[in-house]
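Protein chains get the first letters and strands the later ones, always in sequence-line order, with residue 1 at the start of each. Since we're looking at a predicted model, the values are computed, not measured.
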Protein chains: 2
Amino acid sequence: MAPVPTAADFRAAGLRLPGPCEEWADDAGFIRGVVDRVGDKWTVLVIGTLGDGPRRYTDLQQAIPGISQRMLTLTLKHLTRDGLVERTAYPEVPPRVEYALTGLGQSLLSSVLALARWAYDHRDDIRTHRATFDRTNTA
Amino acid sequence: MAPVPTAADFRAAGLRLPGPCEEWADDAGFIRGVVDRVGDKWTVLVIGTLGDGPRRYTDLQQAIPGISQRMLTLTLKHLTRDGLVERTAYPEVPPRVEYALTGLGQSLLSSVLALARWAYDHRDDIRTHRATFDRTNTA
DNA sequence: CCGGATCCAACCCGATACTG
DNA sequence: CAGTATCGGGTTGGATCCGG
């Protein structure tokens with residue numbers, strides 16, 4: 001499979017972190033904004049769930065254990081606003097609304113999965129480090 | 001350069017999202033925890049800055065505009081605990097402490113950069129979508 | 001069925017002051 | 001220099017009730 005690109009890959013592609021991270025905090029602030037969005041409690045779960053195909057509001061709610069109406073609605077609205085998710089309301093009664101990943105959303109899914117894969121691959125390393133750290137620090 | 005892997009790549013590699021995202025929220029909760037950590041305000045900046053090489057505490061503080069002592073210390077402690085960052089204290093006076101990315105930390109940097117690259121590549125798409133969405137919604 | 005509106009608790013984070 | 005301790009505002013997010 002295609003390997004997760006290395007930092008060198010990104011530098012080679014002309015995307016690097018400037019000395020002080022002003023570009024991160026600057027033109028970014030935008031990038032930071034995106035990372036924030038991805039990092040918040042539910043976005044990843046919603047995107048991940050929609051990665052399997054379109055879902056209705058209620059389906060999402062029960063596919064994502066623990067999410068509240070408020071947060072689901074809010075997250076979906078944000079994602080829709082950013083063009084990552086497409087909302088389709090069918091003029092029926094009772095109402096039916098489906099959410100699906102846009103092309104943009106699917107491309108983000110890739111990067112998110114890259115992160116998830118990293119976490120998955122290294123979960124034992126992290127757990128081990130935490131254990132040793134905690135033992136060293138609480139003894 | 002190596003392209004960002006697609007969702008299909010990950011599925012092919014045997015890493016997929018289970019139907020309901022229980023593995024995300026379950027064995028994960030762990031993955032969620034990692035994503036949370038990455039998503040918080042300063043982690044990305046710290047890792048990005050350390051990606052250029054080891055730095056001292058004070059150097060980090062002024063390389064990352066706006067970070068407070070508290071947050072720098074906290075972020076570094078978390079990263080150290082997870083084994084992403086290595087702390088080296090030199091028994092001198094005045095004290096000198098250096099922080100550096102571990103191998104694990106560098107591998108995470110890759111994924112984080114993947115996300116940053118995504119944000120960078122698609123910033124115009126997102127801005128456009130936001131504009132149209134806001135116009136449609138506030139008019 | 002889909003979501004908006006409100007209230008309220010919990011936590012996050014910045015500012016400040018202080019220590020080894 | 002490299003942190004720790006404490007306080008207080010601001011935001012997040014869950015619960016609940018209500019509307020279309």
Original post:
Within this structure, what is the CZ-to-C1' distance between B:Arg37 and C:dC12, rounded to whole angstrom?
Top reply: 14 Å
Subject >> B:Trp42 backbone acceptor or donor facing B:Thr75 side chain under 3.5 Å >> reply: no
Subject >> Side-chain N,O (B:Thr73) to OP1/OP2 (D:dA2) below 4.0 Å >> reply: no
**OP:** Establish, with yes or no, whether the OP1 or OP2 oxygen of D:dC1 is under 4.0 angstrom from a side-chain nitrogen or oxygen of B:Tyr99.
**Re:** no
Original post:
Which whole-number value in Å describes the distance from B:Lys77 NZ to D:dT4 C1'?
Top reply: 8 Å
Subject >> Atom-to-atom span, CH2 of B:Trp42 to P of C:dG14 - whole angstrom >> reply: 5 Å
**OP:** Measure from the side-chain N and O atoms of B:Thr80 to the backbone N and O of B:Glu86, and report whether any donor-acceptor pair falls under 3.5 Å.
**Re:** no
**OP:** Tell me which nucleotide among C:dA17, C:dC13, D:dA2 gets nearest to the side chain of B:Tyr57.
**Re:** D:dA2
Subject >> Given D:dG20, D:dC1, D:dG13, the nucleotide with the shortest approach to the side chain of A:Lys41 >> reply: D:dG13
**OP:** Taking all non-hydrogen atoms of both residues into account, name the closest pair between A:Pro54 and A:Glu98 and its distance.
**Re:** CB-OE1, 4.0 Å
Subject >> d(CZ, B:Arg70; P, D:dT4) in whole Å >> reply: 11 Å
**OP:** Report the distance from atom CG of A:Asn137 to atom P of D:dG3, rounded to the nearest whole Å.
**Re:** 13 Å
Original post:
In terms of the nearest nucleotide of DNA chain C, which residue is placed more toward the 5' end: B:Ile67 or A:Leu76?
Top reply: A:Leu76
Subject >> Backbone of A:Thr43 reached by a side-chain donor or acceptor of A:Asp40 within 3.5 Å >> reply: yes
Original post:
Atom OH of A:Tyr90 and atom C1' of C:dC1: how far apart are they, to the nearest Å?
Top reply: 15 Å
Subject >> Integer-rounded Å distance: C:dG14 C1' and B:Ile64 CD1 >> reply: 16 Å
**OP:** Could you tell me whether the side chains of A:Thr73 and A:Tyr57 share a donor-acceptor contact shorter than 3.5 Å?
**Re:** yes
**OP:** Rounded off to whole Å, could you give me the CG-to-P distance for the A:Leu74 and D:dG13 pair?
**Re:** 8 Å
**OP:** Return yes if the base of D:dA2 and the side-chain atoms of B:Gln61 contain a donor-acceptor N/O pair under 3.5 Å, otherwise no.
**Re:** no
Subject >> Candidate nucleotides C:dC13, D:dA2, C:dG4, ranked by approach to the side chain of B:Met71 - the nearest >> reply: C:dC13
Original post:
Does a side-chain N or O from B:Arg56 land closer than 4.0 Å to OP1 or OP2 of D:dA2, or not?
Top reply: yes
